[in-house]
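For the numbers below, each heavy atom of this structure counts, side chains included, while hydrogens, waters and symmetry mates do not. A, B, ... follow the sequence lines: proteins, then strands. Residue 1 opens every chain.
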Amino acid sequence: EPEVTQTPSHQVTQMGQEVILRCVPISNHLYFYWYRQILGQKVEFLVSFYNNEISEKSEIFDDQFSVERPDGSNFTLKIRSTKLEDSAMYFCASKLEGERNQPQHFGDGTRLSIL
Amino acid sequence: RKEVEQDPGPFNVPEGATVAFNCTYSNSASQSFFWYRQDCRKEPKLLMSVYSSGNEDGRFTAQLNRASQYISLLIRDSKLSDSATYLCVVNNGDYKLSFGAGTTVTVRA
C-alpha cells in the first residue's frame with residue numbers, strides 16, 4: 001500500500017537555527033498538509049497546500065514557517081528560526097483530489113527537538 | 001467551545017468486552033467525519049470514515065448524529081491490539097482536519 005514518507009525521523013536543532021522537514025506524499029495525491037503534535041496534546045493543523053500554493057493556514061503558521069514543493073515529489077516545511085516551543089512531532093499528510101470525504105493519509109512523523 | 005471534544009478516558013476493558021465512546025463537534029456545517037487511531041508516539045492511522053447512516057467495519061461501528069452534532073465509536077469483542085488512543089476527526093471543508101484530543105482505550109488480558 002502506498003504511503004507518505006517523512007525524513008528525518010528525529011531532528012535535534014539548536015534554538016534559532018533553521019530546520020527543514022521533508023515529506024514525500026503518495027504519488028497521485030494532490031492535496032498536502034502539515035500538522036504538529038506537541039507531546040501530550042492534540043494534533044493541530046498547520047497548513048494545507050494545493051496547486052502549488054497555500055490553501056489555508058492556522059494561527060500557528062506564522063512568518064517563521066514556510067512550505068514548498070520544490071520538485072514533483074517532495075513537500076517541505078521550513079522553520080526559519082526555531083524556538084523551544086517548536087519542539088513537537090510534525091506530521092505530513094496527503095489526500096486525493098476531488099471527493100471531500102476522502103481521508104488524509106499521514107506519514108510517520110518527524111520528531112523535532114529544539115535545544 | 002472546542003471544535004471537537006472527546007471523553008479522554010481511559011477506558012479499561014477486559015478482552016472480549018464492548019466499549020463505546022462519543023465525540024461532539026461544534027461546527028454544524030462540518031462535512032465529513034473520521035475515526036483515526038494513534039498508538040503511542042506514532043502517526044494517526046485511519047480507522048474508518050463515518051457516514052450519515054452509520055457504518056460498520058468488522059468489530060467497529062460508527063454512528064453520526066448531525067442534529068446533536070455527535071459521533072460515536074463502538075468496539076465489539078475487544079482485542080489486546082485495540083489498545084490505543086482513538087481520535088475523532090472532523091473535516092470542515094476541503095482543507096484542514098480538526099482533531100479531538102483522543103480517547104484512550106486499554107484492553108487487558
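Around the NZ atom of A:Lys78, the shell of radius 6.0 Å holds no more than 12 heavy atoms that belong to other residues, nucleotides or ligands. Annotation: A:Glu59, atom CD; neighbour count of heavy atoms from other residues, nucleotides and ligands within 6.0 Å does not exceed 12. Applying the 6.0 Å contact sphere to CG of A:Asp62 captures more than 12 heavy atoms from other residues, nucleotides or ligands.
Counting only residues at least two apart or on different chains, no disulfide (SG to SG under 2.5 Å) pair has a member in residues 37-88 of chain A.
Here B:Ser98 contributes atom OG and A:Lys42 contributes atom NZ; the two are 7.0 Å apart, rounded to the nearest 0.5 Å. Atom CD of B:Gln38 is separated from atom CE of A:Met89 by 8.0 Å, given to the nearest 0.5 angstrom.
Under the 4.5 Å side-chain contact rule for hydrophobic residues, B:Leu74 and B:Val13 do not share a cluster. Cluster annotation: A:Val67 is connected to A:Phe65 through the hydrophobic network of ILVMFWY side chains, with a link wherever side-chain heavy atoms come within less than 4.5 Å. No chain of hydrophobic side-chain contacts below 4.5 Å, direct or via other Ile, Leu, Val, Met, Phe, Trp or Tyr residues, connects A:Phe45 to A:Tyr90. B:Val4 and A:Val43 are members of different hydrophobic clusters when ILVMFWY side chains are connected at heavy-atom separations under 4.5 Å. Transitive grouping of hydrophobic side chains (ILVMFWY, heavy atoms separated by less than 4.5 Å) brings B:Val19 and B:Leu47 into a common cluster.
Taking every heavy atom of both residues into account, A:Phe91 and B:Lys42 meet most closely at CZ-O, 3.6 Å. The shortest non-hydrogen separation linking A:Gln104 to B:Lys96 is NE2-C, 4.5 Å.
When the heavy atoms of residues 102-109 of chain B are compared with those of chain A, none of the residues falls under 4.5 Å.
Of the two parts of A:Phe106, the backbone and the side chain both hold a non-hydrogen atom closer than 4.5 Å to a non-hydrogen atom of chain B. Contacts between B:Phe33 and chain A at a heavy-atom distance below 4.5 Å are absent for every atom of the residue. Heavy atoms closer than 4.5 Å to chain B are found in the side chain of A:Leu39, but not in its backbone.
In this structure, a donor-acceptor pair under 3.5 Å is absent between the side chains of A:Gln6 and B:Glu43.
Side-chain atoms of A:Tyr33 never come within 3.5 Å of backbone atoms of B:Leu97 as a donor-acceptor pair (strictly under, hydrogens ignored).
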Report task. Please test A:Arg111 against B:Arg41 for side chain to side chain contact (heavy atoms under 4.5 Å, CB included), starting from the C-alpha separation and ending with a verdict. Result -> CA-CA 9 Å; A:Arg111 182 175 309 283; B:Arg41 297 165 91 86; 3.4 Å; yes
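Here the side chains of B:Pro44 and A:Tyr35 are not in contact, with every heavy-atom distance at 4.5 Å or above.
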